[in-house]
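Input: a single structure, listed below in structure tokens.
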Amino acid sequence: MEISITKVKQYNGPLRHVVSVDGVPVAVTKRRRRAEKLSAYLQGFPSDISDRSIERVLNVLRED
């Protein structure tokens, strides 16, 4: 499982951080620290994710 974080410029807007797993975007965050927390959670490290809906999606990806 290859996890990458890329910066994407929105049209006439700020930069966003996209967390991708094997080239498929999984989450879009405003802050890099949040993207790093999601990446750490996907790699199996303990990380505090306060959003249950995102946590459910990431749990499915962790099991694969």
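If you read the sequence from its start, that first residue is 1, and numbering goes on from there.
- Both V19 and L61 are assigned to one and the same hydrophobic cluster, defined by single-linkage of ILVMFWY side chains at heavy-atom distances under 4.5 Å.
- Sparse packing is recorded around CD of E2, with 12 or fewer heavy atoms of other residues, nucleotides or ligands lying under 6.0 Å away.
- One distance of note links OG1 of T29 with CD of E36; it measures 9.5 Å at 0.5 Å rounding.
- Here the shortest heavy-atom pairing between K37 and S47 reads O-OG, 3.3 Å.
- Across every non-hydrogen atom of S20 and P25, the tightest pair is OG-CA, 3.8 Å.
- If you chain together hydrophobic residues whose side chains sit under 4.5 Å apart, Y41 and V28 never meet in one group.
- Taken together through direct or relayed side-chain contacts under 4.5 Å among Ile, Leu, Val, Met, Phe, Trp and Tyr, L38 and M1 form part of one hydrophobic cluster.
- Scanning both residues, G44 and R62, for their nearest heavy atoms gives CA-NH2, 3.7 Å.
- Within the 4.5 Å cutoff, the side chain of K7 has no heavy atoms near those of the R16 side chain.
- Looking at R52 and E55, a side-chain N of the basic residue comes within less than 4.0 Å of a carboxylate O on the acidic one, giving a salt bridge.
- In the hydrophobic clustering of ILVMFWY residues, with side-chain heavy atoms under 4.5 Å counting as a link, I54 and I3 come out together.
- Within the model, atoms CZ of R32 and OG of S39 stand 9.0 Å from one another, a figure rounded to the nearest 0.5 Å.
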